[in-house]
Each structure stands twice: as structure tokens, then as C-alpha cells.
Amino acid sequence: QEPLVESGGGLVQPGGSLRLSCATSRSFFSIYTMGWYRQAPGKQREFVARISSGGTANYADSLKGQFTISRDITMATVYLQMNSLKPEDTAVYYCAAGRSPLSIDRVAYWGQGTQVTVSS
């Protein structure tokens with residue numbers, strides 16, 4: 001069984017919203033910082049947001065106020081609510097788990113990725 005399983009990607013019009021989900025285990029929540037990265041075609045994978053085992057959230061500066069990360073401990077699921085989506089938000093979004101601050105070199109587990117396409 002994969003440790004991180006994403007869902008919720010798809011096609012959305014500019015200005016629309018999507019919510020991504022990442023299902024994992026409760027043990028991951030207690031051990032790891034969870035978060036999201038994204039990778040657009042021809043670009044490097046970049047940090048989007050993270051939430052610590054204590055529940056503290058942090059965001060990429062450019063995405064503050066647009067994206068919200070949250071979690072449901074009983075469901076062992078991390079969410080990424082994405083609002084006011086723009087074509088430049090088009091990317092494959094990856095769930096990640098690892099040690100704080102969840103810089104890319106500290107990610108221990110990656111999800112399989114889910115495609116988000118913002119287009120009219």
C-alpha cells in the first residue's frame with residue numbers, strides 16, 4: 001500500500017477552485033510534517049504548503065491567501081484548498097511527508113501526483 005495517496009485533481013476554469021486530498025496513516029501525522037509540492041511542465045518541483053505534526057501551516061509566499069492546507073486527523077487526510085486558480089497554477093501536485101521544514105531534500109515520501117489543469 002502506498003503511504004500517500006492523492007486525489008482531487010482535474011480541469012478547472014480560471015478563477016475556479018479545487019480541493020486536493022492526500023490520504024495517509026495516523027502514524028504519519030504524528031511523525032512527519034505533511035505538505036504539497038507542484039511541478040509545472042519544464043520547471044523544477046516547487047514548495048506549495050506544509051503543515052507540521054503540531055498543526056502549524058506555512059505557505060510559499062506567492063500562494064499565501066490563495067491556497068489553504070488543512071488536515072483531518074481522524075481521517076488521516078491532508079487537504080489543499082485552492083481558490084482563484086490561474087493558468088500558471090497548472091501543474092502536477094504532489095503530496096509529501098518528511099522532517100520539518102519539509103524542504104525538498106527532507107521529503108521522505110512522495111505521493112504519485114495528481115494533475116491540475118487551469119484552462120478555459
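Treat the numbers as computed from the prediction; the structure is a model and nothing was measured.
- The salt bridge (charged side-chain N to carboxylate O under 4.0 Å, His left out) pairs that include a residue from residues 110-120 number zero, where partners must be two or more places apart or lie in different chains.
- Within the structure, no pair that satisfies the disulfide (SG to SG under 2.5 Å) test touches residues 40-94, not counting sequence neighbours.
- Contact record, Ser17 with Asn83: OG-OD1, 2.9 Å, taken as the closest heavy-atom pair.
- We find the CD1-OG distance between Ile31 and Ser25 to be 7.5 Å, quoted to the nearest 0.5 Å.
- Sorted pairs that involve residues 68-98 and meet ring-ring contact (aromatic ring centres under 6.0 Å, His included), not counting sequence neighbours, are lacking altogether.
- Partners of Phe28 according to the ring-ring contact (aromatic ring centres under 6.0 Å, His included) rule, which considers only residues two or more places apart in sequence or in another chain, are Tyr32, Tyr109.
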Criterion side-chain contact (heavy atoms from CB on, under 4.5 Å) on Phe67 and Val48, from CA distance to verdict:
CA-CA 8 Å; Phe67 289 6; Val48 173; 3.5 Å; yes

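- Scanning for side-chain contact (heavy atoms from CB on, under 4.5 Å) contacts around Ala76 gives Arg26, with sequence neighbours left out.
- Across all their heavy atoms, Ala49 and Leu80 have their closest contact at CB-CD1, 4.3 Å.
- For Arg38, the salt bridge (charged side-chain N to carboxylate O under 4.0 Å, His left out) partners are Glu46, Asp89, not counting sequence neighbours.
- Although no hydrogens or angles enter the test, the distance criterion places a donor-acceptor pair under 3.5 Å between the side chain of Glu6 and the main chain of Gln112.
- Other residues, nucleotides and ligands contribute at most 12 non-hydrogen atoms within 6.0 Å of the CD atom of Gln44.
- Remark: the Ser119 side chain and the Thr117 side chain contain no N/O donor-acceptor pair separated by less than 3.5 Å.
- For Leu20 against Met82, the heavy-atom pair with the smallest separation is CG-CE, 3.8 Å.
- Shortest non-hydrogen contact noted between Gln66 and Ser84 is NE2-O, 3.1 Å.
- Under the 4.5 Å side-chain contact rule for hydrophobic residues, Met34 and Phe47 do not share a cluster.
- By the side-chain contact (heavy atoms from CB on, under 4.5 Å) test, Val107 is found to be paired with Tyr37, Ala96, Leu102, Trp110, residues two or more places apart in sequence or in another chain being considered.
- Looking only at distances, no side-chain donor or acceptor of Arg50 sits under 3.5 Å from a matching main-chain atom of Ala97.
- Annotation for Thr33 and Ser100: closest pair OG1-CB, 3.6 Å, computed over non-hydrogen atoms.
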Could you go through Ile104 and Arg45, starting from their C-alpha distance and side-chain angles, then the distance that decides it, and tell me whether this counts as side-chain contact (heavy atoms from CB on, under 4.5 Å)?
CA-CA 8 Å; Ile104 199 166; Arg45 196 169 294 191; 4.1 Å; yes

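- One hydrophobic cluster holds both Ile51 and Ile73 under the rule that ILVMFWY side chains link at heavy-atom gaps under 4.5 Å.
- Trp36 is connected to Val12 through a chain of hydrophobic side-chain contacts under 4.5 Å among Ile, Leu, Val, Met, Phe, Trp and Tyr, so both are in one cluster.
- Not counting sequence neighbours, Lys86 has no partner by the salt bridge (charged side-chain N to carboxylate O under 4.0 Å, His left out) test.
- For Thr68, the side chain to side chain donor-acceptor pair (under 3.5 Å) criterion is met by no residue, not counting sequence neighbours.
- Note on residues 58-69: pairs passing salt bridge (charged side-chain N to carboxylate O under 4.0 Å, His left out), not counting sequence neighbours, are Asp61-Lys64.
- Side-chain contact check for Ser30 versus Ser53: every heavy-atom pair is 4.5 Å or farther apart.
- Under the salt bridge (charged side-chain N to carboxylate O under 4.0 Å, His left out) criterion, no residue pair touches residues 90-112, with sequence neighbours excluded.
- Asp72 and Thr77 share no donor-acceptor pair across their side chains, judged by distance under 3.5 Å alone.
- Closest heavy-atom contact between Gln115 and Val92: OE1-CG2, 3.2 Å.
- The list of disulfide (SG to SG under 2.5 Å) pairs with a residue in residues 9-107, not counting sequence neighbours, reads Cys22-Cys95.
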